[in-house]
Amino acid sequence: MKRSSWKEYQKEIADDRYYYARSCIRQNFFPGSETTFLRIMREALGKDIFDDPRHTSCTGIGYHSDIVPLDTTMAVVARQFALATEAGYENIAVSCITSFGLYTEILETWHEFPETEARARENLFKATGREFVIPKNIAHTSDLVFHNREKIEELAVRRLVDARTGEPLRIVEHIGCHYAKIFPKSGIGGSEFPYVLAGMVEQWGGSVVDYPERRHCCGFGFRNYLVQANRGFSIANSRKKLESMAPYKPDMIVANCPGCAMFLDKWQYALAEMENSTYGADGRGIPVLTYEEMAGLVLGYDPWEMGMQMHQVDVEPVLERLGVKYDPAAKFLGRAGKYIGAPGEAAVNSFSGDRIYRIRQ
Amino acid sequence: MGAINFGYTVSAARAIDLDRNDLGPARQIAAEMPEFAACIACGGCTATCTAGALTNFNFRMVQTLVRRGEYAGAWREMNKCMLCGKCRLVCPRGINTRGVVRLIKRKLGDY
Amino acid sequence: MKRVIVIGGGPAGMQAAVALKAAGLEPVIVERSDALGGKLRDWHNLFPSATPAREVLDGLRKAVEMARVEVLLHTEVEGLTPDGSKPSVEVALAGGHAVQLSGGRKLEAAAVVVASGFDVFDASLKEEYGYRIYDNVFTTVDVERMLNEGGVALADGSAPRRVAFVHCVGSRDEKVNQKHCSKVCCVTAVKQAMEMRALFPEADIYNFYMDIRMFGPGYEELYQRAQQESRVNFIRGRVSEASPTIDGRIQIKAEDTLVGRPMKMSVDMLVLAVGMKAGSSCEKFARTADAALSPNGFLAPADLFSGCVASGVPGVFYAGAATAPKTIGESLAEGSMAACWVVEYLDTLAK
């Protein structure tokens, strides 16, 4: 794409020493991604990142669903900051886009309306006795991977190309709305052409698909999927994106938001069931990866160790194209080699029922 | 397929899609009555409409939709018109609005 | 001292200079670029009469030449006084302004006419429209250039089958700090839509507007002709984004506000009707001359009614789009008017 103006939207990204703020839902839907992120940061890049079991949900989903009041949310976020302060960290690395948006929004609110910060400090102190220093730097974890994309390329065992032909993989990147649509300045590349994922894809040899509905929301919403009757327009937004990207025959989708990755993946199953429509080039689904999984594959990590068996749409077609050596039989074996169960067959999946693990089972 | 009841259906797209809409009939109407396209959406026709005072008939909106290739229901809507002709008197662009009603009824009965 | 410095050699400046010369004064046009004519040089035809821009430009150039007006090309004004001090009534009474020019040159003058014009809004700031990203997104300025060069075509040289104009690009838009209406873009887009119709008889042509502002003589009539004779479709709604399609076209989204529904379509060519932005030199000039700026960054005239060419600074006058978006006709009228005000000012000083 003819565009270099992403360079005009730069943000400060701390180079080391982060307090890690995890996502609530990622650990269920993409359970290995956060572990993979920590592994990349610590093992591959040698960074100091503190994974704190004491921190909680940011309340983002509750807040955006009008369940949790703003004052409560601010006190909870203030507590995360206090935990970071106590642990001696000034930089926060946020795993979830909703959390990242919420943290930046709260900091901006405190900046514009100092009385809200005073109230949050008071509430936090009354409730927990904790105090905090405002973090020096807040970055989304995709920012950190972007920040280190050149170093990761140096360590790479493969590029995002077809192992047989050398052709770049066609990759759809999807950015969570709250990454840069709230504050364009808080995202690399701004809000119209965010570069955070595109930068990784291009650095590692893939090609980014620029399709008409690229900027469209995945439809996640908050109350829109929480309330069953509202899910119709949540899924319709994902369908709009999938229909728009399908003609480009993408090899995979990569997302930096827990909700987007989850819905772009799982709605494909629901759409196949409800409307008998699939969007992958082979008549199956389009695999959806997190950027940690993409980086992990580039670095040669084992897909099953990264939890990629938990995807709705099978990832094997991407693994095949990349030439990843993996053990098909190990897909549904857990960490101790114990069979963890396999999903039923679905139109979006690529492999039929006679899998080796069934034989083993 | 389709055996699972998820408790919701996929919402239909609301956008007027000018790549899909067939603009042929709208062009035919404009060819027979070129001033049809000169509407400036002042709403005078709807404000004075005898039928619109009593039903949700909105001549301005329906003829705009027709110009976008959205014909569904246009014929039925035009049946609400009482053909009194007051709208034609108020139109600042001199559109034969009554004639437009008749053209829509003649051309778009199948939609 | 009969010298009057005219800053800017566009239509307003040329007209002012010719009128000043006719009144027996010695105007000097200081022009930054390499030729007289300003942005009129980039235009093909002028609304609403489709008069070739060249005709108006040639007339002005000829008048400047006949009047033997001194013209300094490639020259910029650095400040109104050589030492950077503010001009005052005392300075004016003592013989006028010492205008500091680029290259260290200094020029004494009895009065100054600022006709420094406007800047074209940089459409690439509206990132969502993809200007300079997608090959077939153009501005109205690009279309005039293409018309001058002999033909409008897509990047691959082919003829567009569907063209959409987007009004108000860089106007009425807080997001790019352009709150004002540039007023000429509506009629420019209507004019160009009609030119497209003439070039491409079979094409679909759409104009997306927020309000159609047809303020001048013959403009509303032009608009009606565009609707009726040129079969240009007008849709009231601001385009929210443009994105590429797989076949190299551009998908746009807007609301059709008159029916209250979102709308999308793909087009071969997207033309952005760019607005008029305050000239980049306005701010610096206002600072050095102690003159006032309007909130939109244009120079603020002393009075919007009885003093629209007066600056409030003794001996400094304004003409043309330095103070607000204006048509060529309005700029020419202000050029003549500023010259009248200079003459009257110098007469008063002499008494």
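A quick note: this is a predicted structure, and the numbers were derived from the prediction, not measured.
Residues C:Asp211 and C:Arg213 are paired through a salt bridge, judged by an N-O separation under 4.0 Å between the basic side chain and the carboxylate. Between B:Glu70 and C:Arg261 there is a salt bridge, with a side-chain nitrogen of the basic residue lying less than 4.0 Å from a carboxylate oxygen of the acidic one. A salt bridge links C:Lys126 to C:Glu128: one of the charged nitrogens lies within less than 4.0 Å of a carboxylate oxygen.
Heavy-atom distances place no part of B:Arg20 under 4.5 Å from chain C, backbone and side chain included. Proximity to chain B (any heavy atom under 4.5 Å) is restricted, for C:Tyr206, to the side chain, taken from C-beta onward. For C:Ile212, no part lies near chain B; criterion is any non-hydrogen pair under 4.5 Å. For B:Ala38, the parts sitting under 4.5 Å from any heavy atom of chain C are the backbone and the side chain alike. Heavy atoms closer than 4.5 Å to chain B are found in the side chain of C:Arg162, but not in its backbone.
Rounded to the nearest 0.5 Å, atoms CZ (B:Phe59) and CD1 (B:Ile104) are 6.0 Å apart.
Across every non-hydrogen atom of C:Phe165 and C:Met196, the tightest pair is CZ-CG, 3.9 Å.
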